[in-house]
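A short worksheet on the structure shown next.
The residues of the chain are indexed from 1 along the displayed sequence.
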Amino acid sequence: MATEFDAVLLLSFGGPEGPEQVMPFLENVTRGRNVPRERLDDVAEHYQHFGGVSPINGINRALIEALRTQTDLPVYFGNRNWDPYLEDTVIAMRDNGVRRAAVFATSAWGGYSGCAQYVEDIARARAAAGPGAPELVKLRQFFDHPRFVELFAEAIATARQGLPEQLRERARLVFTAHSIPIAVDERHGPRLYSRQVAYASALVAAAAGYESYDQVWQSRSGPPQIPWLEPDVADHVAALAAHGTEAVILCPIGFVSDHIEVVWDLDNEVAEVAAEVGITLARALTPNADVRFAQLIVDLIDELRTDREPSRVRGPNPVPGYGCSVNGAPCATGCCLTTPSTESR
């Protein structure tokens, strides 16, 4: 059945926009998780290297402006952890007479953090808005959308051109995504998230013309006794150097914007490791506010408006891509229903 919308809501994670906001933001993110204060201080230092400003809100505002050039629908912006808070945005939508909005969450993936937690956010925001809250329909996961694949394949080609000419043919392509605890990954799908990342990496590598590549993980946190998805990207870069690799093209396929876990974890920490071990590193850009990323959002909306088949790049051994939900209801039985207490973003 075709679904009509009278607004679009971009739903994201949020980030501080000044030094005084960093610690309150991190306390929002980690509330109820018993994260040691020393860990928060360490992460806060990452933000302070950028003046206490996360790139994520600015990128999302630029994406919203690009989206407004592609649709006549009004576009709203709400975050889970910082201003503009989702609850306030949904109340404003209610007061503006919005009846049904398409919700684009800035994650391509399944699993709890990538999908189900956004479903919870939607339900909480509608409850805060009370009677008259707009119907909110979360758009599907988009890790296999043609635009997603195109943007990352093009970014790899651009990064390759940035390498010294004599290293381009020998550069190793490495995809990286946010690690999560293995036990969490096995509860969702099973291994829904890690299988989706592996599948998307294969699609992008093929589109970029690479038969061989590596797929690794980054940005783990939490107690060391809890196993997370591995190998770690920094460890992997060091291992490549030990085996004679001279150059690496690093593609952060797990992220749709160059936010703090890209510009700090990769452009600083991994870049330092690469310099120490003699690897020349080129990092591919994420979609950020590219107008084609805005077109991806519009296409996801049109899939529901016209009740047509989803736009997907087909590869071997396809992985389910769920993600449509209404008003915070679970989007697919057995997909992302278990809420873990140990998972990081």
Side-chain angles (χ1 to χ4, degrees), residues 5-18 21-22 24-25 28-29 47 50 52-109 113-115 117-129 132-142 147 255-262 286-302 304 323 325-328 345:
F5 300 101
D6 53 7
V8 182
L9 168 60
L10 189 143
L11 171 56
S12 195
F13 190 81
E17 297 188 271
Q21 298 178 9
V22 172
F25 163 75
N28 279 352
V29 173
Y47 286 93
F50 301 95
V53 178
S54 168
I56 193 169
N57 277 348
I59 293 169
N60 282 333
R61 291 188 183 104
L63 177 59
I64 286 170
E65 290 308 309
L67 183 56
R68 285 173 174 154
T69 70
Q70 302 299 310
T71 181
D72 294 329
L73 296 173
V75 184
Y76 292 83
F77 179 25
N79 287 320
R80 176 187 301 151
N81 297 300
W82 204 248
D83 187 62
Y85 287 101
L86 178 61
E87 292 88 342
D88 297 335
T89 299
V90 174
I91 289 170
M93 294 168 71
R94 177 203 66 193
D95 294 345
N96 291 341
V98 174
R99 301 287 298 275
R100 181 188 294 121
V103 182
F104 178 78
T106 55
S107 165
W109 315 104
S113 292
C115 185
Q117 194 170 9
Y118 285 114
V119 175
E120 294 173 357
D121 295 337
I122 290 168
R124 186 180 63 253
R126 293 193 75 249
E135 186 177 354
L136 300 177
V137 180
K138 181 182 177 298
L139 299 172
R140 70 170 176 90
Q141 298 153 25
F142 53 90
R147 288 294 195 196
F255 307 93
V256 297
S257 66
D258 285 6
H259 56 62
I260 200 73
E261 287 169 324
V262 175
T286 58
N288 287 316
D290 192 297
V291 69
R292 289 169 295 176
F293 195 34
Q295 291 167 354
L296 179 156
I297 299 172
V298 172
D299 191 60
L300 296 180
I301 296 170
D302 286 345
L304 297 182
S325 65
V326 179
N327 302 332
R345 163 172 171 255

How about N79 and N57: does a side-chain donor come under 3.5 Å of a side-chain acceptor?
->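 Yes - a donor-acceptor pair under 3.5 Å links their side chains.
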
Is there a donor-acceptor pair under 3.5 Å between the side chain of [X] and the backbone N or O of [Y]?
| X | Y | answer |
| --- | --- | --- |
| R80 | D121 | no |
| R94 | A129 | yes |
| N96 | V98 | no |
| N81 | G14 | no |

Given M93 and L136, is the side-chain contact (heavy atoms from CB on, under 4.5 Å) satisfied, shown in steps?
-> CA-CA 11 Å; M93 294 168 71; L136 300 177; 4.1 Å; yes

Restricting to non-hydrogen atoms, name the atom on [X] and the atom on [Y] that form the minimum distance, rounded to 0.1 Å.
| X | Y | result |
| --- | --- | --- |
| F13 | Y118 | N-OH, 3.9 Å |
| L67 | V8 | CD2-CG1, 4.0 Å |
| S257 | I56 | OG-CG1, 4.2 Å |
| R126 | P134 | NE-O, 2.7 Å |
| A7 | L73 | N-CD2, 4.1 Å |
| Y76 | I64 | O-CD1, 4.4 Å |

With rounding to the nearest 0.5 Å, note down the distance linking [atom1] in [X] to [atom2] in [Y].
| X | Y | atom1 | atom2 | value |
| --- | --- | --- | --- | --- |
| T106 | F142 | OG1 | CZ | 7.5 Å |
| L304 | K138 | CG | NZ | 11.0 Å |
| D302 | L139 | CG | CG | 10.0 Å |
| H259 | S12 | NE2 | OG | 7.5 Å |
| Q70 | I297 | CD | CD1 | 10.0 Å |
| I260 | F50 | CD1 | CZ | 4.5 Å |

Test log, rule side-chain contact (heavy atoms from CB on, under 4.5 Å), inputs I301 and T71 = CA-CA 10 Å; I301 296 170; T71 181; 5.8 Å; no

More than 12 foreign heavy atoms under 6.0 Å from CZ of R61: is that the case here?
->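 More than 12 heavy atoms, drawn from other residues, nucleotides or ligands, come within 6.0 Å of this atom.
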
Let me see the working for D299 and R147 under side-chain contact (heavy atoms from CB on, under 4.5 Å), right down to the final yes or no.
-> CA-CA 10 Å; D299 191 60; R147 288 294 195 196; over 6 Å; no

Taking the side chain as every heavy atom from C-beta outward, state whether T89 and P84 have any pair of such atoms under 4.5 Å apart.
->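 Touching, per the 4.5 Å side-chain cut-off.
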
